[in-house]
S.K.: 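Sharing a structure with you now.
Every chain is numbered from 1 and lettered A, B, ... according to where its sequence line falls, protein lines coming before strand lines. Atom set for the values below is all heavy atoms of this structure, side chains included, hydrogens, waters and symmetry mates excluded. None of the values given here were measured: they were computed from a predicted structure.
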Protein chains: 2
Amino acid sequence: MNATHQDLTRNQTLVLDTLAKADGPLSAYTILDRLRGDGFRAPLQVYRALEKLLGFGLVHRLESLNAFVACAHPHCHAHGLIAFAICEDCGQVDEFSDAVVRERLGAWSADNGFKAEKTTIEIRGHCANCAAA
Amino acid sequence: MNATHQDLTRNQTLVLDTLAKADGPLSAYTILDRLRGDGFRAPLQVYRALEKLLGFGLVHRLESLNAFVACAHPHCHAHGLIAFAICEDCGQVDEFSDAVVRERLGAWSADNGFKAEKTTIEIRGHCANCAAA
DNA sequence: CGCGACATGTAATGATATTACATTGCGAAG
DNA sequence: CTTCGCAATGTAATATCATTACATGTCGCG
């Protein structure tokens with residue numbers, strides 16, 4: 001039942017490949033523009049593909065950027081909670097996960113009777129390379 | 001140099017009061033609509049006030065909602081890192097902070113030479129009340 | 001075949017945010 | 001007191017992000 005890369009439709013494949021080839025997050029409209037040559041005409045084509053890809057865990061949405069990235073670790077499914085470090089200079093995104101953080105946020109939820117569905121952690125700042133410059 | 005409530009301009013005060021009276025996050029355009037009677041005509045009036053209030057730490061932006069809330073603890077300045085639990089049913093937002101989480105994310109940043117400027121933590125889900133129903 | 005489920009195509013619109021430029025109010029320097 | 005400069009404000013236009021509504025296509029299966 002977990003969708004694999006094989007199950008992707010043409011549009012989903014095109015969108016995922018576009019994100020995978022990009023060196024950073026892309027907005028839905030940027031993806032659209034890059035796929036005009038493949039017949040994409042409307043935002044909805046992109047949003048629909050993204051919706052599925054997000055569900056499959058192959059793509060992440062960066063809320064603070066209103067943009068999307070291909071998952072850096074598409075193989076290890078069931079990665080608990082993911083955090084992103086986003087460089088405001090070069091746009092590079094580093095994806096990581098921390099068991100302790102997951103545990104602490106889980107504990108807070110349990111203590112407060114909160115049923116967590118989705119957790120967003122995004123650190124905006126400057127990566128090592130750019131901070132050096 | 002830390003701005004106090006006294007220093008706020010008329011527009012900033014109106015926007016902050018609107019958020020403080022609201023029972024949940026408001027979008028910039030909702031704030032605008034609520035302040036039409038006070039002479040607000042354009043989005044920029046709201047965005048400019050919000051920009052300052054965010055800088056003062058009196059207001060937070062919820063990235064996953066594209067909306068804003070008044071800070072729940074406007075007195076304790078220098079609150080390290082803040083997390084939000086957002087109920088998707090009733091819209092209530094719970095603001096909390098966790099030293100261990102801050103520490104872990106800080107450690108990751110240090111290990112990776114990343115200079116963090118701003119960290120966003122948002123948990124979407126269902127609050128105790130709504131989960132019960 | 002004919003139906004159902006899902007993916008797709010297209011247009012229009014809604015929602016969020018910024019750019020550009022004009023104006024006003026007010027304190028400090030001269 | 002006047003002029004300068006700065007910050008806040010006002011207004012219009014536009015850019016950017018996302019969804020709703022409706023029509024069409026594709027393909028497996030009874």
S.K.: Look at K115(B) together with E117(B) and state whether they make a salt bridge at an N to O cut-off of under 4.0 Å.
M.R.: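 Salt bridge flag = no for E117(B) with K115(B).
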S.K.: For L50(B) and dA8(D), what is the distance between atoms CG and P respectively, to the nearest whole Å?
M.R.: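 Computing the L50(B):CG to dA8(D):P distance gives 14 Å.
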S.K.: From C-beta outward on A42(A), which listed nucleotide comes closest to its side chain: dT8(C), dT10(C), dT9(D)?
M.R.: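 Nearest nucleotide to the side chain: dT10(C).
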S.K.: What orientation do F96(A) and W108(B) show, parallel under 30°, tilted 30 to 60°, or perpendicular over 60°?
M.R.: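 Geometry flag for W108(B) against F96(A): parallel rings.
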S.K.: Here's a test of your reading of the structure: between R48(B) and R48(A), which maps to the more 5' nucleotide of DNA chain D?
M.R.: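 Nearest nucleotide further toward 5': that of R48(B).
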S.K.: Of the candidate nucleotides dA7(C), dA8(D), dG9(C), which contains the atom at the shortest distance from the side chain of T9(B)?
M.R.: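 Within the option list, the nearest is dA8(D).
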S.K.: Would you kindly give the CG-to-P distance between L8(A) and dT8(C), to the nearest whole Å?
M.R.: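 Atom-to-atom, L8(A) to dT8(C), this comes out as 10 Å.
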S.K.: How close or far is atom P of dT8(C) from atom CG of N11(A), stated in whole angstroms?
M.R.: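 My rounded result for the distance is 4 Å.
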S.K.: Give the nucleotide from the list dA18(D), dA17(C), dT10(C) with an atom nearest to the side chain of N66(B).
M.R.: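 Nearest listed nucleotide: dA17(C).
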S.K.: Got a salt bridge between R61(B) and E63(B), using NZ or NE/NH1/NH2 to carboxylate O under 4.0 Å?
M.R.: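 Here R61(B) pairs with E63(B) in a salt bridge, since their nearest N and O are under 4.0 Å apart.
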S.K.: Please list, by residue number, the residues of residues 20-41 of chain A whose heavy atoms come closer than 4.0 Å to an atom of DNA chain C; answer none if no residue qualifies.
M.R.: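 R41(A), in order of number.
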S.K.: So R10(A), base contact, sugar-phosphate only, or nothing? Heavy-atom distance under 4.0 Å.
M.R.: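 Result for R10(A) = sugar-phosphate.
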S.K.: Report, as yes or no, whether the 6.0 Å neighbourhood of atom CG on N129(B) holds more than 12 heavy atoms from other residues, nucleotides or ligands.
M.R.: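 Atom CG in N129(B) is not packed in, count stays at 12 or less.
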S.K.: Looking only at the side chain of K52(A) (C-beta and beyond, no hydrogens), which of the listed nucleotides dA7(C), dT10(C), dT18(C) gets closest?
M.R.: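 So the nucleotide nearest the side chain must be dA7(C).
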S.K.: CD of E51(A): more than 12 outside heavy atoms within 6.0 angstrom?
M.R.: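 12 or below, so no.
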S.K.: Looking at every heavy atom in both N11(B) and A49(B), which two are closest together, and how far apart are they?
M.R.: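 Closest approach of N11(B) to A49(B), heavy atoms only: O-CB, 3.9 Å.
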S.K.: To the nearest angstrom, how far is F68(A) atom CZ from dT16(D) atom P?
M.R.: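 Computing the F68(A):CZ to dT16(D):P distance gives 16 Å.
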S.K.: Tell me: CG of L53(A) to C1' of dA7(C), nearest whole Å?
M.R.: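 The distance from CG of L53(A) to C1' of dA7(C) comes to 13 Å, rounded to the nearest Å.
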S.K.: Y47(B) OH to dA20(C) C1': how many Å, rounded?
M.R.: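 Going from OH in Y47(B) over to C1' in dA20(C) covers 17 Å.
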S.K.: Search all heavy atoms of H126(A) against all heavy atoms of D89(A) and return the closest pair with its distance.
M.R.: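 That closest heavy-atom pairing would be ND1-OD2, 2.6 Å.
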S.K.: I want to check one thing: is the phosphate of dG10(D), taken as OP1 and OP2, less than 4.0 Å away from some side-chain N or O of Q45(B)?
M.R.: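 Indeed, a polar side-chain atom of Q45(B) lies that close.
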S.K.: Rounded to whole angstrom units, what separation is found between the CZ atom of R61(B) and the P atom of dT16(C)?
M.R.: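 Rounded to the whole Å, the gap is 10 Å.
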S.K.: Rounded to the Å, how far apart are F56(A) CZ and dC6(C) C1'?
M.R.: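 For the pair F56(A) CZ and dC6(C) C1', the rounded distance is 12 Å.
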S.K.: Return the nearest nucleotide to the side chain of L44(B); candidates are dA20(C), dT10(C), dC17(D).
M.R.: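 Minimum distance to the L44(B) side chain belongs to dA20(C).
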